[in-house]
Structure formats: C-alpha cells, structure tokens
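Within every chain, numbering begins at 1; the chains are lettered A, B, ... in the order of the sequence lines, protein sequences first and strands thereafter. Note that the structure is predicted; figures quoted are calculated from it, not measured.
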Amino acid sequence: MWKFIHKFGSPPHFYRLSVVLTPWFGWAAAILITAGTLGGLYLAPPDYQQGEGFRIIYVHVPSASMSMFVYVNMALAAAVGLIWRIKLAHAVAAAAAPIGASFTFLALATGSIWAKPMWGTWWVWDARLTSELVLLFLYFGYMALRAAIDDENRADRASALLAIIGLINIPIIKYSVEWWNTLHQPATISKMGKPAMDGDMLTWLLLNIAGFMCFFIAVLLISARAEVIRRARDQKWLKQALGVT
Amino acid sequence: MEVPGLGQAFALQVGRDMRLAFRHLGQLANPLMFFIMVTTLFPLALNPSPQLLEAIAPGVVWVAALLASLLASESLFRQDVDDGTMEQLALSPQPLALMLLAKTAAHWLMTGLPLVLISPIVAYGLFLPQEAVPVTMGALALATPILSLIGGMMAALTVGLRRGGGLLSLLILPIAMPVLIFGARATDLAMTGMESVGAIYLLAALLLLAMSLSPFAMAAAMRISLD
Amino acid sequence: MEVPGLGQAFALQVGRDMRLAFRHLGQLANPLMFFIMVTTLFPLALNPSPQLLEAIAPGVVWVAALLASLLASESLFRQDVDDGTMEQLALSPQPLALMLLAKTAAHWLMTGLPLVLISPIVAYGLFLPQEAVPVTMGALALATPILSLIGGMMAALTVGLRRGGGLLSLLILPIAMPVLIFGARATDLAMTGMESVGAIYLLAALLLLAMSLSPFAMAAAMRISLD
Amino acid sequence: MSTEPAEPGTESLLEAKDLELWRGERRLFSQLSFSLGTGELLHITGVNGCGKTSLLRVLCGLTLPETGEVSWRGQRVMRNRADYHAEMTYVGHRESLKGELSARENLSFDLQLRHASSPEDIDQALDRVGLARARDVMARGLSAGQKRRVSLARALASRARLWVLDEPYTNLDVPGRDFVDQVMSEHLATNGLVLLVAHQSHGVTGGRIRQLELA
Amino acid sequence: MSTEPAEPGTESLLEAKDLELWRGERRLFSQLSFSLGTGELLHITGVNGCGKTSLLRVLCGLTLPETGEVSWRGQRVMRNRADYHAEMTYVGHRESLKGELSARENLSFDLQLRHASSPEDIDQALDRVGLARARDVMARGLSAGQKRRVSLARALASRARLWVLDEPYTNLDVPGRDFVDQVMSEHLATNGLVLLVAHQSHGVTGGRIRQLELA
Ligand code: HEM
Ligand SMILES: Nc1ncnc2c1ncn2[C@@H]1O[C@H](COP(=O)(O)OP(=O)(O)OP(=O)(O)O)[C@@H](O)[C@H]1O
Ligand SMILES: Nc1ncnc2c1ncn2[C@@H]1O[C@H](COP(=O)(O)OP(=O)(O)OP(=O)(O)O)[C@@H](O)[C@H]1O
Ligand SMILES: [Mg+2]
Ligand SMILES: [Mg+2]
C-alpha cells in the first residue's frame, strides 16, 4: 500500500499515466453519455405521471449523485495528501473542487428547472434542496480558502483539513430525504426488492451515470496534470517529458 | 509643499482599504455570502411555508442587514491601531476625521452595498411581494451607511477608551434600533400597498445626521486611544 | 522536570482567558447584547401578532444563537496570533489541542452560556409556549458548545489570513447547519407537544463527536496557520 | 532638565517648553524645555523605561502632556496639526505596515497622503534602503530588518524637514546601520532637523549634534 | 553549508540534518546541517532577510522545512514536540505578551504551563531583569525595552536546556545588553545550549562558541 501510494504519488509517474489514461476515459465518457442521453430522450417510454418532462432526470440524477461522489473523493485525496505528505494528492483534490462545484451547480439548475412544472416554483426550502445548496457552499468555501492563502504548501494543508471536516455533511445530504419528510423524491433507483423505476428508464440512466463518472475522471486527470505541470514548472523530468530543453 | 486635497486623500484611503479587502478572492464574495446564508438559515430553522416566510421576510432582511454591517465593524479600526498604521494616519497632514470617514465608507462599499444589490434575490427567496422590492432596496441603501457609521463610532470607542469603551459602545448599539424600525416599516408599508415615503425621508434625515456628526466623534475617540 | 498535568493546564488557560475578558467588560457583554437585540428586533421589525411571533420563535432563537457565536468566533484566536502569544503556546510542553480546547471552553463560558441562561426571557418575549422552554434551553446548552467548537476550528484555519473574517462565515455556516436544524426541530417538536428526545440525543451525539475530534483539527489547523 | 537654546546662527524651528508627563503614578519628566534649529540633531538617551518614546510622542503631537507646549515655527502644535505634520515624519518602535500589502503599496499610500509621489519616487526610495528585490513581497513576509528598512524608506521619501526617529537601528545589520548614519548626516547637511533616540552611539558626522539625557 | 560536528568532549543534543526551506520563489537555505552539544553557543549571522529567523522557527518545530529534519536527544522534533518543548525556550522578534495583563500575570501563565512556579519565582525573575518596579504595569504600558526584559525573564525562569534567542539585544540599554551576555555565559557554564541570532558581536565568555553565517 505504502509503496503503491508513493509510486503513484510521484509526479513524473502520474504525468505519464495521465497522458495514457485520459483518452480512454474521455472516449468512454463521450460514448456512454451520448448513448444514455439519446436513449433517454428517444427510446425510453414517457413517464405515466409526468409525461415528457421527466426526461431531465437523465441529467439531474447523474449530476446530483456526482456532486457528492466528487466531494468524497476530493476529501479522500486531501486526507492522503495530509497524512502521507504527498503533493500530488493535494493537486488532485484542488483539481476536483471546481469540477464538483460544477456538478453541484448543474444538479441545482436542472432540479430548479424540473421543480417549476412539478411543484410550481423554482425553489422550495426543502431539506434535500437546501443541503445540496450547502454542498455548493462547501465547495466554494474550499476554493475560497485555497485562494486566500498565497503559500502553496500551507494552502494545501489548510484546505485539506477543511475538506475532511466538511465530510460530515455528506451523509446529511444523502439521507436528508429519509430523515425529514420532504417534497423531494426518495431513493427510487437503489431500492432493494422491487425497483420503483421502469427497467428501460433505468438502463439509460445507469449508462449516463457511468458516462458522467468517466467524464469526471477524464477532466480530473487533465486538470490534475495541469496542476502538476504548474507545480513542477522548472524541474528536469517535466522538460524532458514535454520535449523542451 | 502642497499637501494633496481632501477629496484625493479620501479616495486614497478608500482605495487602500478596498484593495486590502479584495486582495483575496474569497473575501470578495463574503459579506454577500453571509447575507445569503442568513436568509437561507431562516427557512431551514422554520417550517418553510411561503405564507410564513412572506410574513417574516421584512424582519429577516432587516436583521440580516444589521448583522452583516455590524459584524465586521467591530474590527474596523482594531487592526490599524494594533499594527501602528493608525498612528501614521494620525500623523499625516490629512484630517483624521476625513480619513476615518473614508475607512467607514470603504467598509460600507464592501458590506453594505453588496447587500443592497442582492436584496431583490433574497426577497424572492423569501417570497416578499414584488411591489415591496424597490422600496426595500431604497431603504436599505439609506440605512446600511447609517449602520456602518454607527459601527464605526462603536469601533473607535472600543478601541479607544480601553476599559469604559465597551460599555459606551453598548450605549450606541441601541441607536441602530430606530434605523431598523423605520427600515422594516418602510418594507411593511410597501408590502401592504401603503405610502412608505415618510419612513424613507426619516432614514435620509438620519443618514445626514450620522454623516455630519460621526466623523468628529470617531476622530476624537481615536485621538484619545492613541494618546 | 515534571510538566504540570493536563487538567491544570486546561484550568490555567480558561482562567487566563476569562480574566482577559473581564478586563474588557464591554467585550463580554457584546454577544449577549447582540442576542437580545436580534430577538427584540424581530417583533419590532414585524407586525407583532402573538401567533406570528410564536410561529417564528424557534427560528429566531436558533438563528440568533448561531449568529451570536459566529460573531464572536472571529476574534477567538486572532489576537493571540497577532501578539505572538499563540506562538508561545505552540511551543509550550502542553498539547496544543488541549490548550485550544480550553480557549474554546472559555469562549463558550462567555458567549454561549449567557445565551442559554437568558433564553427563557427571550422565549417569553416571543410568546414561545411555556412547555417548549426547558427543551429549548437543553437543546441550546448542547448546541452552543458545538457551535463554539465549529467556530474554533474554522477560526484556526483562517487566522493566518489577515482579513479572514468574511471567509469564516462561509466556512462555518455549512458545517453548523445540521446543528441548527436539529436544534430548531427540538424546539418545534416541543411546541407542538411531541416527543423531542430524539433531536436532543442527536445533539448530544454531535457534541461528543465535536468534542473528541475538533481539538485535534483545531491544533492541526493552528500549526498550519503559524507555519 | 533643559538644554541650551539653539545656536545663534541656526534658525530655531521646534520648541518644547516646560513639558511634564505622568504615566500611572510615575512622573516621567518635568520642566523639560529645549529648542531645535536647522541642521541640528538631538540625541536623546536614557535607560529603558525612562520615557524617551513618551517624549517623542509628545513632541509629535500624539500625546497631550500634563503641562507645557510644543511649537513648530512658533505655532502651537496641537492647534496646527496639519501644518506641522506636513513637515514631520515619525519612525516608531512599530513598523506601521499593513501585512497584506507589499512594501511598495504600503509606501505609496503613506506618501501620497503627503505629496504627489510617482511610482518611480517610491521604487527609488526602496532601492536606496536595499529592498529592490523585495518590493513586491507582502509586508508580512518581510524579515524584521526588511520591515525596518521600509519604515526608513518612508521617512526618506517623506520630504519632511523634521525626522523623529525612535531607535532606527533596531534589527538592522551592520551595513544597514551605517546607511542610517549616512542619511542622517545628509539630512542635517541640507538643513534638516533630527530627533534621535538610540541606545548605542551613532555615527553621524557633520551638523550640530546635541545630547539630552533623560533620567 | 555545514559546520563541524560537536566537539568530542561534549554531548550532542540538537541535530539539524539537511534542512532546506523555500519562501515564495526564493530558497532561503539548503543542505544545512549542524549539531549542537552541551555548553555550546551557535551564533548565527547574516544580512537582513537572509533567513535567520526562518531557520530558528524550523529548529523550534514551528515551521515545516521542505526537506530535512531536526532532532533533539536523537528523537525527531516533529514527532516528539512535548518532550522537546519542555526543554526549550524561544525569544522571538515579537514579545508574545498580552497587553491587558501585567508583566507578572503574563509570566505566571507562561511558566505555570511548564512547571510548578511559585509567585516568588516569578517575582525573582522579574527582579533579575530589572523590572521590580514595573511588575504590575499592564504590558501595553511597558516601554519597548521593558517588554523585551519580560521576554528574557520568561526564558531565564523557564529552566530550559536550550535557549533560542532571536536578536535578544533589541531595544535594550547598555546595562541590559551586558546582562544578556552575562546570563548566556552562565547558562553555557551550567551545560546549557544557546542558539543566538544577533547582528552585533556578543560578549559571551566561556562555553564553546561557534559561528554560522547564512548567505
Ligand atoms: C433544485 C432542486 C433539486 C435539487 C437540488 C435536487 C437534488 C437531488 C439530489 C442531491 C439527489 C440525490 C442523488 C443521489 O442520491 O445519488 C437527487 C435525486 C433525484 N431527484 Fe432531485 N433535486 C431537485 C429537484 C428535483 C425534482 C423537481 C425532481 C422531480 C420531481 C427530482 C427528482 C429526483 C429523482 C427521481 C432523484 C433520484 C432519486 C434516487 O434514486 O436516489 N429532483 N436530487
Ligand atoms: N499605567 C502605568 N503605570 C505605571 N507606569 C507606567 C504606566 N504606563 C506606562 N508606564 C511607564 O511609562 C514608561 C514608558 O516609557 P517609554 O516607553 O517612554 O520608555 P523608553 O524610554 O522609550 O524606554 P525604551 O528604551 O525601553 O524604549 C515605562 O517606564 C512604563 O513602565
Ligand atoms: N512570499 C514570499 N516571497 C518572497 N520572499 C519571501 C516571501 N515570504 C518571505 N520571504 C522572504 O523570506 C525572508 C524571511 O527572512 P527571515 O525573517 O528569516 O530573515 P532574517 O534573516 O531573520 O532577517 P532579519 O535580520 O531582518 O531579521 C525574507 O527575505 C523575505 O523577503
Ligand atoms: Mg522606547
Ligand atoms: Mg529575523
């Protein structure tokens, strides 16, 4: 484990790895998202209650679940960086934050759009909606703290600590629907026993979720690589790798 | 040697304080963030039915405004006194009252003004009726500078009169009350479709009063503190 | 050389901070004054019908508590870092986590505890039903230390940044939100005559969690800020 | 405790008459009078805590003395603050820098309140005190000696007639100390006035140097 | 940039290995190693801003170096803070006093965190640094030199083995400087260790004195 972390944590190694992996994830994302979205828009049957309007689910649910998934990953990367003093992990966490914030924003935006026809208003003060908004604030806080510290080393460590502390909010967001009775949909996909969702709908949705995941990994690899390049800008291995002398 | 004019000195001081605040990206959004969050918290802590929210909207907006501007004022001069830059300011050829007024103005630009500008969004979130929004914005535009000036006086007193200062500032805090009452009243009247111009005039009068008196009070308290 | 025990070090730190606060009487009274003001302002800013006040009472009490402790946490470590005494604390043989916990405890004694104690009066002013008062007090007694601990962690993170003030509220509020929700829920349940023991237990669990983890987070954050 | 009046040849600008100051239960000084003319340096010495800094603050107009008066060009300082302060600069124990602003930004603000200063003036002042390389470092990141150098640059570029320097050598390295001596000598040569508090002996040459020992 | 190892006769307690530190885009020092034994004083010099204070902070365990390690009695400082700090005292550029507390109250708190100190111990320490009369003045009212004396009293009464002193002579009058030299000499004579940053030459006699010039 230790060895693996250190091997993977070495910037040159990561650099090579990311160059190799990025296209794979990039193409996988493109294919999965295209398939899932097209399937969702044209092949899936309309919902018997909501008609065609429900199709926004194919963007809403993946982005909502990614918003939390990214946060957890960011916090884990930050923890690895803090505990083992691996700079690459900090770079990964820093790169993940804006991506996560974008997913969160997308979830909020698509949710609002969906809420207008469904609940007759853009916004209600419901536990899940509010906690998703709070998640957005968490991302903002993380990014603001990073931006506020000019010393890179300190910025890494301080923001890592914040990301870890913020983890406590994730279960609250996840389970808010069960703890409070709210307007928002309870879990429909993951229900054991009888799936509450039509099989056809589900397939396309799962494809899209997988696509979003690949998309996240590809973007993360690219921006973490950019971060690595920025941090190693006058090191020899980078000049060799880039072919500049 | 010609010393630069008052207007220029004022602009310099405002510029410096703004730069200090803007130095870090995170701080730009902050007072704003705070205001948004206060208004987010209320619906969370309550049963968030639109009727209830509408009923309390003026209260929430006004209390949030009070908090957002008093929150930062506590430390308005403290750091300058501690790091010695206030001493240099008191030794500059510019009038201290003017410089302190400029510092308060910068404080308002960073805490009060954003608050005025985003109030329509907050009002929407709290289901405040559309017709009350312009009046609320106007009233906030008049009230927030008064609050900043009150905060400035409190800050000068606490930093100045080491021991008694705290108590004196407690006496000043209640002065913020009328501002709030008139402000909330303006919103309230507008919500019910009534004429709210009286409350607005009153706020304007209070602002003039505060602007003309508080700089001298601040400067006097500050000179005592630097003694 | 035998270094004094943990308990003694804790008591020393609490004692010193209390003494410092009592030297500045005004500082002590501020959060309290603030809490009273917020809760009296609401009825003033609104049309004070007892039904409306009763409906919003839990929200007001809880938001005021959150803001009052947020307001004070800004200055929790700032002066110690500025004047270098925090550096000496970090270099003392006592664990920094313990000393920061002690500082937070002193802070709670001066801001949180008074707030718990006067809450019945405030509740009365807001027409909160009598039966909800004991539950509210209990919930506040559990929640205010959590809020102080959260404030402490975030203050330690931002204290190195000179103008971290606004950033602080952005960092604190998301983490403090669950506390607020559970607290307001306890009051709410008690008002409607329901069993509120679940929310209280949850708060107690959160307090234990915060007490056991936050000192280490605070110490780690402070060491980063001092670097 | 009074020193001789200004020499006949020099024009006396700063006049302190009969100053007395108390702190707590202690009288720091009393009946202190002197006058300082163009090209003169007054070197104030005394053990720690005898009241040197307090005296300087009275002379600057920051502290109100118990009795007595300070005047500049014959006018009472407390009544004419702006005129006096336009011709005076003070370097105190503290550096009076904003940690979040760079050396250049700090200086530019302080100087522009006094007179129209171009960016070149400021860079030149920083170069002179040896901070050419650290111009854009936030003041909080500067070392103790570098901060002191920024304070000195402020005094240098202030174009003030009267320099009030409270232990200017503090935290400076050896070349830094020599530099302070040199600029003081130059200032005296151009008819400036210096009030200097320093524990060690200074190396100022030229000008008329007087001593005031506080007890 | 490494100095010789400790003399055979002395027991080496403090060990710095291969330290490197960056600030902004600047490397302050790298590959810096030394070890310090009982009865030894290391006098660190260098121009303003060369990194002396930063080095001391690394040696205290306040700053994490980019690479390298500091150890005390063979144990890494970052892993064993409490043990190290119990035997170490630091006097920095800042005085680390609470302005609202008296000299005595300040000292009493700092010392009681270290060991059971009676009020008499504290008064005695204050007497030694010449503050017998100003014991109960709030620290904010103390003069610059008096504040520095309180810091020194804290170090004196700390019973620490290792003294880390960053320009301890600052703001002191001449007798004050001599006093600092004298206590350092005594500390070395009782097998203490001293890390000293000072621009001027010190007057320490006895002990083994070594130099480290930072460039
Ligand atoms: C701004 C408004 C909204 C926000 C912030 C929001 C947020 C979320 C979040 C955080 C999830 C959880 C994803 C996960 O657990 O992986 C989710 C899932 C979901 N949302 Fe929304 N939502 C909003 C509006 C809506 C609306 C209006 C509807 C439809 C009536 C809706 C339907 C769903 C469904 C069906 C799921 C999947 C539930 C599951 O299987 O876990 N959402 N949303
Ligand atoms: N409240 C007080 N009670 C008693 N003495 C006080 C009080 N406030 C200040 N003092 C004394 O006033 C004096 C202030 O002296 P000042 O700072 O002018 O000294 P200084 O000559 O500049 O000393 P240094 O060389 O150390 O800078 C100190 O001796 C201090 O003890
Ligand atoms: N962000 C930064 N960018 C560039 N340089 C920096 C930054 N932060 C600190 N520094 C530099 O680091 C150095 C800190 O030096 P340090 O305080 O250790 O010096 P010192 O040797 O103690 O000097 P002095 O004798 O003046 O006390 C300074 O030269 C300062 O300019
Ligand atoms: Mg002095
Ligand atoms: Mg230094």
For atom CZ of E:Phe179, is the number of surrounding heavy atoms from other residues, nucleotides or ligands below 6.0 Å larger than 12? yes

By residue number, those in residues 91-102 of chain C with heavy atoms under 4.5 Å from heavy atoms of chain E are C:Leu91, C:Ser92, C:Pro93, C:Gln94, C:Met99

For E:Arg94 and E:Asp166, run salt bridge (charged side-chain N to carboxylate O under 4.0 Å, His left out): C-alpha distance rounded to whole Å, both residues' side-chain angles, the deciding distance at 0.1 Å, then the answer. CA-CA 9 Å; E:Arg94 282 181 306 180; E:Asp166 200 353; over 6 Å; no

Residues E:Asn191 and E:Arg161: closest non-hydrogen pair is O-NE, 3.1 Å

Ring pair (Phe, Tyr, Trp, His ring centres under 6.0 Å): which pairs involve residues 81-110 of chain E, sequence neighbours left out? E:Trp72-E:Tyr84

Using modelled atom types only, decide if a donor and an acceptor are shared between the side chain of E:Lys52 and the backbone of E:Gly46 within a distance under 3.5 Å. yes

May I ask you to test the E:Arg210-E:His43 pair for a side-chain heavy-atom distance under 4.5 Å? no

Residues from residues 121-133 of chain E approaching chain C under 4.5 Å (heavy atoms): none

Kindly indicate, with the supporting measurements, whether the criterion side-chain contact (heavy atoms from CB on, under 4.5 Å) is fulfilled by C:Leu173 and C:Leu66. CA-CA 9 Å; C:Leu173 288 174; C:Leu66 174 66; 3.4 Å; yes

Check salt bridge (charged side-chain N to carboxylate O under 4.0 Å, His left out) between E:Glu105 and all other residues, then give those that pass, not counting sequence neighbours. C:Arg19, C:Arg23

Which atom pair, heavy atoms only, marks the closest approach of C:Lys103 to C:Leu89? CD-CD2, 4.5 Å

